[in-house]
Amino acid sequence: MVDLCPDDTPELKAWRQEVRDFLEKALPEPWTFWYDYDEDPASWERYLDFWRQVGKKRWTALTWPTEYYGLGRPAIEKWILEEEFVNHDVPTYPVIGMHVAGYLLRHGTHEQRCKHLKGIADATVLWGEGYSEPGAGSDLARLTTKAHRDGDEWVINGQKTLGTAAHFCQWMSVLARTDPDGPRHAGISCFLVPLDAPGIEMLPLDNMADGRQNMTYFDDVRVPADSLLGDENQAWTQIWFGMGGERLDNAGPSLGPHAMRILPLLNRVIRYCRQTTRGGRRLGDDPVVRQQLGELMVGVEALKLQAYELYGIAQSGKASRFGEASMHMHQAVYKEFWPHLAQVCMEIVGPMAQIQGGKWAQLNGDIEHYFRASFGNHAGGTSQLKRMVLATRGLGLPR
Amino acid sequence: MGIDLQLSEEQELIGSTANEFFGKNCPPELVREYETSAADYPAQLWSQMAELGWLGMPFPERHGGLGLATLDMVPLYIELGRHLVPCPVLDAVALAGGLICALGSEEQQKALLPGIARGDAPIVSALMEPDGGYGPGAIQLQAQRSGSEFTLHGTKVLVGCARSASRLLCAARTAAGENGEGISLFLVDPQAPGTSVERTPNIAGHPLYAVTFEKASVPEEALVGELGSAWPILYETMMKAAVLQSAMVVGAGERVLEMTTDYAREREQFGQAIGKYQAVQYLCTDIAMHLHRTRLLTLQAAWHIDSDRSFLREAALAKAAASRAAAAMTFAAHEVHAGVAFVIDYDLQLYTRRAKHWEYNLGDLRYHLDRACTESGL
Ligand SMILES: Cc1cc2nc3c(=O)[nH]c(=O)nc-3n(C[C@H](O)[C@H](O)[C@H](O)COP(=O)(O)OP(=O)(O)OC[C@H]3O[C@@H](n4cnc5c(N)ncnc54)[C@H](O)[C@@H]3O)c2cc1C
């Protein structure tokens, strides 16, 4: 049954209001901040401070089991929370902590959960992603970072690239080859690695949108045996494909950072068009701009509904239209829409959009920044690869 | 006579000479340096170009120029684009120089053109205003006559090299008017009282400025062309310069295509060069197709200018294609490169950010599509 009213009980309405009230207090002014495209220390402090306030309320762990620092609340409440965060233009939770929480709740041991989930819930311990390597991007299974067992420890050697904001993180989820002789996909394991361990070195890879990725080197890095997350040699299916294949796990549903960034952005551009005149006419009255905006609204709305759909499917447990490739479909659409949205918004704002800051910048220069950031749409895999998975696994085309 | 879309041997020689020269004297490190340098442009490169005659190409010989045609300049501008040369050639030579050639008195031409050709501190145009429009209606900077002086009031934006320029060639309104009536051009000193110059950080890392005039007075002699009737020539000169801007996009596109196909050949994933995947081939050929049509439209427009045919429609088509290509080519290049090119050490982003400036400069896609219709009688 089609239903798009998440808060149809008084309790849920009250919950939505509670979230709103909190946000009004915690972030009184609208504030656009993207952790992966910002290095300003003061902004980071403010950002982390905000998430620590959310953490104090345990809303970071709303749906987690109570024995693991969670509140054990139903998924619909998390959904409402996310919607309100989006409406309020809240900066998304830092890096991949929420993914790691998902892995831990699915595959972690009791001890691992006790050790790591609190820091994620408090937003005091940040987690980076150590998957890609210089030679292994789309073809992640070609990764060459190795881990071997030495007594009670694992010893990791290798190199990880493009680790977003890893220099702000204390821990990293690292994929390494543990069975050099096994089949490509079957010999990979996932490790939970503290970034202050001896043998780790990190070099900056500044990106074209004012953020920073990192090259992380592992030279005989020793971690205790219980750093292995999930089963040995099973990370490909348990961790990696899990990221693209499902999102709605015990860590709760998520509108995804996509929706969390594009919805507020488009709303701001619409507001701008309402308030700005060009050639004596309101931009919002310009027939070309109206066509452009209308088309962007379709795209944004469709993306939002895809996220709703994934949520609904996860709740009902029914099979989705594209099977295990549903998430890939969603991501391909997003990865292609993002640069398009950025380009069209640049066109709408016009030549003044080139200016990045100061008194002459339009919309605080945020559209220009968003445009540059859109060249990072390959994070988490390229649209070409997502389409390939959709075509083969979703549509049944030959591989 | 006949049909040919190849440049002549002499023209190709200008291109190959410039390519070699910039290859040596304008490496990417220099381009990067001038994104943050206190100086607006590399003075040495500027005077070297002047010595080679490149800053006086279109001017009459009697004013220190070479009297060359647009098609002779296209190959130079292709190279300026390919090497992202951080000098205001288009602005000083094609726009300011072009306007002085077309509108200036013999005296003004004699006084100013040799200096441009010699590589003196540039004269740059100041056309755009915060409204962001490209047409005559967007020119709202007021110039009021009082005795033998004019008083300027208003703001120009996206003015290149304003801090180091000897003069700004500034479009101002001396009377209200429809269809471009009432627009005049003035040569103003950016250091003069009542004038403030403020650098605006921008996507291209170019030295672009906002110039605000608050009761800045300029003498009558500063007027270029007749009072109130600059627009038709200003428009034509902008359209001609837009053709050369398109040539720069072609040059940049050539380099972007080269970088991308090189990468697609070298980079392997899943045991083979990514260039073998049709998804990647589509992206590379997108670049080639945008590049090629922009080149053809640019050559056509240049030929129309040189053979005294009407050229406004052709120029609009060329710049419309160039604006679209600027965005589309760099987008496709980033899709092929994926992660590596998001890191600033990689040179592709230098092109991507400048391409965005060029997409807007002298008319964006929307403006030129609209012009193309108007110039086609719609
Ligand atoms: C902003 C950003 C943040 C990132 N953050 C992280 C992070 O925190 N941690 C981390 O581990 N990684 C991170 N990455 C890396 C990211 O996962 C990779 O960039 C991505 O998987 C693509 O790999 P690649 O860049 O090596 O491109 P490649 O795999 O080299 O791809 C190059 C081109 O070839 C195409 N291609 C490759 N194979 C095929 C095929 N079989 N068929 C058709 N086309 C193909 C691709 O689509 C692309 O167009 C980040 C990347 C970016 C851009």
Side-chain angles (χ1 to χ4, degrees), chain A residues 132 134-142 161-162 204-209 211-213 215 276-280 288-289 292 336 339-340 343 346-362 365 368-369 371-379 381-385 387-388, chain B residues 128 130-135 137-138 155 157-158 198-206 208 210 267-271 274 277 279-280 282-283 323 327-328 330-331 333-346 348-350 352-353 356-357 359-361 363-367 369-370:
Chain A
S132 307
S138 300
D139 186 9
L140 186 63
R142 195 176 131 181
T161 191
L162 287 167
L205 302 170
D206 294 319
N207 73 38
M208 61 183 286
R212 176 176 152 182
Q213 270 69 37
M215 187 71 84
T276 311
T277 56
R278 180 165 308 147
V288 177
V289 169
Q292 288 173 312
E336 292 172 22
H340 173 70
Q343 169 69 22
M346 287 296 279
E347 289 178 12
I348 291 172
V349 176
M352 294 298 281
Q354 295 174 80
I355 298 176
Q356 296 174 316
K359 143 167 156 214
W360 300 106
Q362 309 293 298
E368 186 273 347
H369 188 207
F371 173 75
R372 277 182 289 137
S374 75
F375 294 100
N377 62 338
H378 321 290
T382 66
S383 86
Q384 292 79 22
L385 264 285
R387 276 184 186 250
M388 195 169 73
Chain B
M128 300 286 293
D131 176 72
Y134 299 96
T155 297
V157 293
L158 305 170
E198 172 196 356
R199 188 160 173 157
T200 42
N202 61 87
I203 189 163
H206 275 335
L208 297 178
R267 171 74 170 170
E268 288 187 7
Q269 287 290 275
F270 303 99
I274 57 167
Y277 297 116
V280 172
Y282 266 67
L283 290 164
S323 288
T330 44
F331 168 76
H334 277 279
E335 287 289 304
V336 172
H337 283 83
V340 274
F342 195 54
V343 177
I344 54 173
D345 298 347
Y346 208 87
L348 179 59
Q349 53 91 14
L350 298 174
T352 308
R353 290 184 294 104
K356 183 51 72 184
H357 174 60
E359 178 185 340
Y360 291 125
N361 196 32
D364 57 10
L365 173 67
R366 176 183 171 161
Y367 174 74
L369 292 177
D370 186 65

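Throughout, protein chains are lettered first and strands after them, A, B, ... in sequence-line order, and every chain is numbered starting at 1.
Of the atoms belonging to A/E347, heavy atoms from both backbone and side chain fall under 4.5 Å from chain B. Only the backbone of B/A341 comes within contact range of chain A, judged by heavy atoms closer than 4.5 Å. Contacts between A/T277 and chain B at a heavy-atom distance below 4.5 Å involve the backbone alone (N, CA, C, O). Only the side chain of B/E198 comes within contact range of chain A, judged by heavy atoms closer than 4.5 Å. Of the atoms belonging to A/P204, not a single heavy atom falls under 4.5 Å from chain B. Heavy atoms closer than 4.5 Å to chain A are found nowhere in B/A138, neither backbone nor side chain. For B/E359, the part lying near chain A is the side chain, with the backbone staying farther off; criterion is any non-hydrogen pair under 4.5 Å. Using a 4.5 Å cut-off between heavy atoms, B/Y360 touches chain A through its side chain atoms alone. Heavy-atom distances place the side chain of B/V157, and not its backbone, under 4.5 Å from chain A. With a 4.5 angstrom heavy-atom cutoff, A/R142 touches chain B only via side-chain atoms. For B/S323, no part sits under 4.5 Å from any heavy atom of chain A, backbone or side chain. With a 4.5 Å cut-off on non-hydrogen atoms, B/I274 does not touch chain A at all. Contact of A/I348 with chain B is not made at all, since no heavy-atom distance falls under 4.5 Å.
In terms of heavy-atom pairs under 4.5 angstrom with chain B, the leader among A/T382, A/V288, A/L205 is A/V288. Between chain B and the options A/H369, A/Q384, A/Q213, heavy-atom pairs under 4.5 Å are most frequent for A/Q384. Considering only heavy-atom pairs separated by less than 4.5 Å from chain A, the leading option among B/G271, B/A210, B/A338 is B/A338. Of the residues considered (A/G279, A/A353, A/A379, A/G358), A/G279 shows the highest number of contacts with chain B, using heavy-atom pairs under 4.5 Å. Note on A/S383, A/G357, A/P339, A/G350: by heavy-atom pairs under 4.5 Å with chain B, the leading option is A/G350. Ranking A/A136, A/A209, A/G376 against chain B, the residue ahead of the rest is A/G376, based on heavy-atom pairs under 4.5 Å.
Of the inter-residue distances, the one linking A/D206 atom CG with A/R212 atom CZ reads 7.0 Å to the nearest 0.5 angstrom. In this structure, CD1 on B/I203 lies 11.0 Å from NE2 on B/H357, to the nearest 0.5 angstrom.
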For this session: Check the pair B/T352 / B/H334 against side chain to side chain contact (heavy atoms under 4.5 Å, CB included), numbers first and verdict last.
Result: CA-CA 9 Å; B/T352 308; B/H334 277 279; 2.7 Å; yes
For this session: Carefully, step by step, assess A/N207 and B/Q349 under the rule side-chain hydrogen bond (donor to acceptor under 3.5 Å, both in side chains).
Result: CA-CA 10 Å; A/N207 73 38; B/Q349 53 91 14; over 6 Å; no
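For B/Y134 and B/Y367, the distance between ring centers is under 6.0 angstrom. Ring-centre distance between B/Y346 and B/H337: below the 6.0 Å cut-off.
No side-chain donor from either of A/E368 and B/N202 sits under 3.5 Å from a side-chain acceptor of the other.
Under the 4.5 Å side-chain criterion, counting only non-hydrogen atoms from C-beta, A/S138 is not in contact with A/H378. Counting only heavy atoms from C-beta outward, the side chains of A/F371 and B/K356 approach each other to under 4.5 Å.
In this structure, A/R387 pairs ionically with A/E336, as a charged nitrogen and a carboxylate oxygen lie closer than 4.0 Å.
Counting non-hydrogen atoms of neighbouring residues, nucleotides and ligands closer than 6.0 angstrom, the CZ atom of B/F270 exceeds 12 such neighbours.
A distance-only check finds a donor-acceptor pair linking the side chain of B/Q269 to the backbone of A/G135 [under 3.5 Å].
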